[in-house]
Each structure stands twice: as structure tokens, then as C-alpha cells.
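Let me begin by presenting the structure, written as C-alpha cells, before commenting on it.
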Amino acid sequence: QVQLVESGGGLVQPGGSLRLSCTASGRIVDVGVMGWYRQAPGKQRDLVASILSRGERVYTDSVRGRFFISRDNAKNAVYLQMNSLKPEDTAVYYCNADVKESLYSTTYSDVWGQGARVTVSS
């Protein structure tokens, strides 16, 4: 079973920075798109940023220019550098990855991390 383990959440003041990390472990043949979602209190879970294996990145408008997503394919890891944080960035951040677990499979499993709480407050 593939697992995604997140780290790096915490409390930060407005204007500060945090770096989230997510590493996949288990039986992994290939990892497709990886990304970060967030869910604020009373809100649905929404995409923050995603990154393809070849490096193409997508950001939601509210974080573009402040957040930067990257990945390390050798480590099956994805990162989210969050700068100039605002109170409205407060949410639980979930790592997501499409993982191929069998050499013979043509499909990928959608796997989620446990969530990392990010609180931006004075």
C-alpha cells in the first residue's frame, strides 16, 4: 500500500514562509501528477498547485507568485514553498499523487496524505 506522509505545517505570522513536504512510500512503479490541495474551515477542498513529472506547474490564482511547487522524482516527493503568507491561506493542506503500483497496470491510484495544518495569524 502506498502512503503519502506530509510534514512542515505550523503556525506562522502574516508575511512569513513555510515549506511543506510530502513523500510517497510503498510499492511504487511510477508517480504521475503530484499536487497540493487545501481545505479551510467551512470550505471545500480545492487545488492549490500541481506539478507534472516533466515539471509543468499549475497554481490557483490566489497563490500564484507567492507559492512554488516542486518535486523530486528520485525521492517520490513533492514540496510546496509558501511565501508571503496571508491569513486566508489558513487551512489543512493535503498532498496528492497519482501512483502506479504495478508494472503491468495501465491505471494509477489516487493517493492522499494525512494533511498538514497551516495557520497564518498574528
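Just the heavy atoms: all of them, side chains too, but no hydrogens, waters or symmetry mates, feed the values below.
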When you measure from the side chain of S109 to the backbone of V111, do you find a donor-acceptor pair of N or O atoms at a distance under 3.5 Å?
no
Rounding to 0.5 Å, atoms NZ (K100) and OG1 (T106) come to a distance of 7.5 Å
Rounded to the nearest 0.5 angstrom, the CD1-CD1 distance for I51 and I69 is 5.5 Å
So OG of S84 and CZ of F67: to nearest 0.5 Å the spacing works out to 9.0 Å
Looking only at heavy atoms, the pair that brings I28 and A24 closest together is CD1-CB, 3.7 Å
Is there a continuous path of hydrophobic side-chain contacts, each under 4.5 Å between heavy atoms, that joins V31 to V33? no
- Query: Between L103 and V29, is a side chain to side chain contact (heavy atoms under 4.5 Å, CB included) present by the stated rule, with each step listed?
  - Reply: CA-CA 6 Å; L103 184 64; V29 175; 4.1 Å; yes
### Message
Could you see if Y79 belongs to whatever hydrophobic cluster contains M34? Use Ile, Leu, Val, Met, Phe, Trp, Tyr and a side-chain cutoff under 4.5 Å.
### Response
no
Here the pair of heavy atoms bringing P41 nearest to T90 is CD-O, 4.3 Å
>> Are there over 12 heavy-atom neighbours, none belonging to R19, within less than 6.0 Å of that residue's CZ?
In response: yes
Members sharing V58's hydrophobic cluster, built from side-chain contacts under 4.5 Å between Ile, Leu, Val, Met, Phe, Trp and Tyr, are none
- Query: Within a strict 4.5 Å, meaning less than it, do heavy atoms of the Y59 and R66 side chains meet?
  - Reply: no
Note: S62 and R38 closest approach over all heavy atoms is OG-NH2, 3.2 Å
For D98 and D110 the tightest heavy-atom approach is OD1-OD1, 3.1 Å
Interatomic distance, CZ@R117 vs CD@Q39, rounded to 0.5 Å, equals 10.0 Å
key: Donor-acceptor contact present, side-chain E6 to main-chain C95, <3.5 Å   = yes
Check your understanding: Salt bridge or not for K86 and D89, using N-O below 4.0 Å?
Key -> no
Residues V92, Y37; criterion side chain to side chain contact (heavy atoms under 4.5 Å, CB included); working and verdict: CA-CA 8 Å; V92 177; Y37 294 71; over 6 Å; no
Residues G32 and S53: closest non-hydrogen pair is O-OG, 3.9 Å
Exercise. For atom CD of E88, decide whether the heavy atoms of other residues, nucleotides or ligands shown that lie under 6.0 angstrom number more than 12.
Key: yes
Margin query: Would you call the rings of W112 and Y94 parallel, tilted or perpendicular, taking 30° and 60° as the class edges?
Written below: perpendicular
Transitive ILVMFWY side-chain link M82 to V63, under 4.5 Å
yes
All heavy atoms of S17 vs all of Q81, minimum pair found to be CB-NE2, 3.9 Å
Original post:
Does some side-chain heavy atom of V118 sit less than 4.5 Å from a side-chain heavy atom of L20?
Top reply: yes
So CZ of R57 and CZ of R71: to nearest 0.5 Å the spacing works out to 10.0 Å
Do Y108 and L4 share a hydrophobic cluster (ILVMFWY, side-chain heavy atoms under 4.5 Å, transitive)?
no
**Asked** Do L80 and V12 belong together in a cluster built from hydrophobic side chains that touch within less than 4.5 Å?
**Response** yes
